[in-house]
Amino acid sequence: MTGNESVNKFLLEAKNITKKFGEFTANDQVSIGLVAGEIHALLGENGAGKSTLVKMMYGALQPTSGDLYWNGEKVVVNNPAAARKLGVGMVFQHFSLFESLSVIENISLAIAEEADLALLAEKISRVSREYGLPLEPHAIVADLSVGERQRIEIVRCLLQEPKLLIMDEPTAVLTPQEADQLFVTLRKLAGEGVAILYISHRLEEVRQLCHDATILRMGKVVDNVDPQEETAQSLAQLMVGTAIHKIESVSDKQFGKILLRTRSLSLESDMQFGVDLMDINLEVKAGEVLAIAGIAGNGQGELFDALSGEMRVSKPDIIELNGVACGTRGIRFRRNCEAAFAPEERLGHGAVPSFRLSENVVLTRHNSDKNLVNFGFMDHKLVRAIADRVAKKRDVRTSKADPEASSLSGGNLQKFIVGRELDRKPKVLIVNQPTWGVDAGAAAMIRQALINCAARGAAVLVISQDLDEIFEVADSIAVISRGQLSDIYTANEMTYEKVGLLMAGAHEKPTKHVGNLQDNMAGRT
Amino acid sequence: MIGIEAVILTIITASTPLLLAAIGELVVERSGVLNLGVEGMMVMGAVCGFIATYYSGSLILGVVAAILAGVLMSLLFGLLTQTFVTNQMATGLALTILCLGLSGLVGEPFTGLPGAKLPALYIPYLTDIPYIGKIIFGQDALVYLSLILVFFVQYVLFRTRVGLIIRAVGDSHVSAHALGYNVVRVRYLCIMFGGACAGLAGGYLSLAYTPQWIENMTSGRGWIALALVVFATWMPRRILFGAYLFGTVWIMGLYVQGIGLGIPSQLLSALPYIVTIIALVIISRNKQLTKLNTPACLGQQFVPDR
Amino acid sequence: MKITLEKRAMASNFMTYASPIIAIGLTVVIGGIIFLLAGYNPLNALYYYFVDPVMSLWSIEEVVVKATPLVLIGAGLAICFSANIWNIGAEGQLTMGALAGAFIPVMFTDWQSPIGLVLMLLMGVGGGAAWAAIAAFLKNRFNVNEILTSLMLVYVAQYILDWFVRGPWRDPKGFNFPKSVDFEGWQLLPTYGDGRMHIGAIIAVIVVVILAIMMSRSMKGFEIKAIGNSRRAGAFAGFSYKSMTWFCFLLSGALAGLAGIIEVAGPAGHLQPTISPGYGFTAIIVAFLGRLNPIGVLMAGVLLAISYLGGDGAQMELGVSAKTAQVFQGMLLFLILACDTLIRYKIKFSVSQKSTEGALV
């Protein structure tokens, strides 16, 4: 930020914005100015208030106090339609798409005036050609990959010829190669005079791409820097405020016998728009961390369910946990084989939202812990002791003793859920997206705990879409795409680029036998 | 064969209320709301339609009253489920229980009184065509309205922007909200449309099917209409087929009773309900079929985050 | 004026208990206003509805008799609804329970033995459970919506009962009335007090206590609540949704069937085409008013029984239609659901702002 431009140079300026949710202050006197033709980064941890701020710019939320100025004039943005009218476009982190509708219907819903679908289809293909964003207008969204879905979101914005484009964590769901392509598009847009507000926590890419960076911490602006003059390390320092715990890996690893193995695991998904698993073979030895990379929605959930026993396969020996063939057995049996599981969805899968932490201990341990339940009645004292022990050991911060799971922040709840499973000292640990949406401190702690768990002699399987995390924790790496798993490589023979190619499906075999999957592929073109 | 003509005529009158109620509920469910109160809104439509006609002598007023009653009751449902975000299933049940009681109360003095019947249309020459004239050109106005309604709903849902918005809201209320659509308002309007259709369906019962008021005269037709929506996998034109299929079963039961083949009358009376269960089994066992069109947000609560 | 909801960080404990009381209060107030508009003295009318039924021993006994089936069915439904499983066909299960239990006295008219009575009750339980099992089976096997099937089965059950009492089981000495033979001696539940009150009430209380312990302390109760709150998390715990569907339907069906046979072996004394004034549906209200908690159901059942009796009383004393009671019950359920919102949300009223669509200020 050079500071010598006059106020009117700003396309959009936020002055002293404060937003409160009840007692909680999400944004505290935040000021930020965006300039036409510049890519401006908004940095901050999960929960720093980035999303709240941009939602106010997009009219999805109203500030408690403070004002927005558009070209120097004060504006009130009552709703997203009003924002769009001004010239603000936004690509959400969680896409605002309708799965059962077609690409063109999805786009038309975001454009108030356009009623003629034929005309719109023409416009779509023009814009997508111009910016290198290929799209099939009549495909149903449910059949599309995450990258394609993001293209819909971007095209949807571009059709309204926005003067300001807000992008919320756009690369979180892309392969490195797809991300590079996106950067080309963004630079082209900036070159045409569009202001871009770019939210990310990937500091390397912010350094490459952005002209300016505003850093939020706990709802306040802490600094305004030129990212090209910073290092990733110094940016991280600004975001977190304190030095982040550095992950320590164990040197001189010795792996033991195989504790987790699948043999030709195939499974038809039972979700509405699920992904079928095809011929997955993997092995994890005692002391080893195997990380499975992949873009969201490529069968990770199904793989987790198959390994945990929430979905069962036809033959016992397809899945082997701790030496026991248990493909046809349920999750209770598998826990009794000293396996432990932590799913992606924290509330409503890993924990019952309205249950207290102690009750959530019972949720996964009622059968595998021997003393927890006696004659059908649970031992409340013991359960509570476990909950307290886990909370203490994993630094789970709660506002009161034994609170409901839903009252915890994402990071604290995840620490509790992972801690609950580690407390059992499992021989096999399977986690899906362990640090998704978790603040940096908690993420570092969880990753360290996973490494330590393996060092103690457990086989650890980490399914994650965060490449940084994968390279931090893994001894071996494999990639899943469209339900197929690549070969397993040792971590030091892998690079971001190699993983990226696999994420894009370089290892996939042509499929003949599964009709369902073929339909899927046809829809993707 | 005059007999067959009469049978077809009664089948049409028996199918029309099912068709009306189901097409309304289809729109409601397409917007992501499950209103189990169809039976209740129908029975209120029936009693209010009858009373209005009884006092005014005007069938048109009766029809209007039936529609208004349905809308009013649906607003109650909307207020609870949309504004107070209550559980939709429990609220729909509550609506039915309340309406069955309320209709019994306000209808008590009118039980068994003779009422006016909607006249069949007469189009010169056309209605006089033998065999098919009365069937095609000699129905009452609501029969034609119900048929028009099916194609109207089909057109609106799949060919217009309004329909696109309704389907979008039913598919993902979070996305719709993020794009700036007023999810709650869209759903209120759909719920009211459903109420109007259910009220009209009830009015048809007390003004055309059996022109009088009998307590609980809907006898489960509202529930069958709900089943029809599932049976039609949320596609309007299939509702047409389903409603006439059920209407046929209903009337065939009555006719067979009349002929007296030694089959217990109770079995024949129970037939529509048994057929409903069988139809649901046939449709539901095919997961692909039901998954495809089920609105993803059906029955889920939504609180806008502002 | 605009109503907005603000989510509470934690469910309000106070409101959990206060909401049914607020709902009852509002029902009374709205009821009073309706009476006033209809030209009755509202206090007088409300007295007959809610106070008079508990003013004499006779009517208290009558309240107990009416509360018994409501509590039995309501407790079963409370378990179902807690697990987010929707059995709304209790009325049909009640009917089939009554029919199955009546098999003994109808077929073995002369058999007088306490064993016969116990057998009757067990067959009632079995009949209700079997009828409920149809809906559970169809849901588990074919994925059929249980709300619709369980309700359709109510109509079917009522026609089956109708066929029996007009056909094979009609009392030959009954002057062609559609009813079965009158039960006698050990074919009836032992009574006490003035003669209408029977041991069914004690059975209901025992059932409530067992279910209350199950829900609050046992692993089964935990399982029910886990699945009800989050089916996915329940599956993660290793609880089977299909088994839970069986459990809930069989339990609530059994209790509805028990209520049915208690009704015919108690107050009625024979089978007839109509054996319940909609207990199976009113029990839905009882379950919600009782906060899906067995002890709460016990209290709610008594309250609803009072309103049934109050309806009859008000008709006799004031000439108000007995159907008013049914309207009260429906209104009550509506208001409970609305008040339950207060447990999870704070309600804020605000004057709606005029929307200035993106206008420059």
Spatial distance of atom [atom1] ([X]) from atom [atom2] ([Y]) [nearest 0.5 Å]:
X: Leu100(B); Y: Gln326(C); atom1: CG; atom2: CD; answer: 7.0 Å
X: Ile147(C); Y: Met89(B); atom1: CD1; atom2: CE; answer: 5.0 Å
X: Leu333(C); Y: Leu80(B); atom1: CG; atom2: CG; answer: 9.5 Å
X: Ile278(B); Y: Phe142(C); atom1: CD1; atom2: CZ; answer: 11.0 Å
X: Ile97(B); Y: Gln329(C); atom1: CD1; atom2: CD; answer: 8.5 Å
X: Leu226(B); Y: Leu148(C); atom1: CG; atom2: CG; answer: 6.0 Å

So for [X], is it side chain, backbone, both, or neither that comes closer than 4.5 Å to the heavy atoms of chain B?
X: Phe328(C); value: neither
X: Leu337(C); value: both
X: Ile285(C); value: side chain
X: Arg166(C); value: side chain
X: Phe334(C); value: both
X: Asp162(C); value: both

Task: Any donor-acceptor pair under 3.5 Å from Thr341(C) side chain to Phe84(B) backbone - done: yes

TODO: State whether the side chain of Tyr155(C) and the backbone N or O of Ala270(B) hold a donor-acceptor pair below 3.5 Å, judged by distance alone.
DONE: no

Within the 4.5 Å heavy-atom criterion, are [X] and [Y] side-chain neighbours or not?
X: Val303(B); Y: Tyr345(C); result: yes
X: Leu98(B); Y: Met331(C); result: yes
X: Gln266(B); Y: Gln158(C); result: no
X: Val230(B); Y: Asn145(C); result: no

Open item on the list: More than 12 heavy atoms of other residues, nucleotides or ligands under 6.0 Å from CE of Met235(B): yes or no?
Closed with: yes

Open item on the list: I'd like to know whether OH of Tyr55(B) has more than 12 heavy-atom contacts from other residues, nucleotides or ligands below 6.0 angstrom.
Closed with: no

- [ ] With a 4.5 Å heavy-atom cut-off (strictly below), which parts of residues 79-96 of chain C touch chain B? List them by number.
- [x] Trp86(C), Ile88(C)

Open item on the list: Between Asn143(C), Thr149(C), Leu153(C), Leu151(C), who has the most heavy-atom pairs with chain B when the cutoff is under 4.5 Å?
Closed with: Leu151(C)

TODO: Could you tell me which of Thr91(B), Thr81(B), Leu79(B) has the largest number of non-hydrogen atom pairs under 4.5 Å with chain C?
DONE: Thr91(B)

Task: Which of Asn286(B), Val281(B), Leu36(B), Thr83(B) touches chain C most, by non-hydrogen pairs under 4.5 Å - done: Val281(B)

Task: side-chain contact (heavy atoms from CB on, under 4.5 Å) partners for Leu245(B), two or more places apart - done: Phe231(B)

Task: Thr276(B), part contacting chain C, at a heavy-atom distance under 4.5 Å - done: side chain

- [ ] Go through the atoms of Ile283(B) and report whether side chain, backbone, both or neither lie under 4.5 Å from a heavy atom of chain C.
- [x] neither

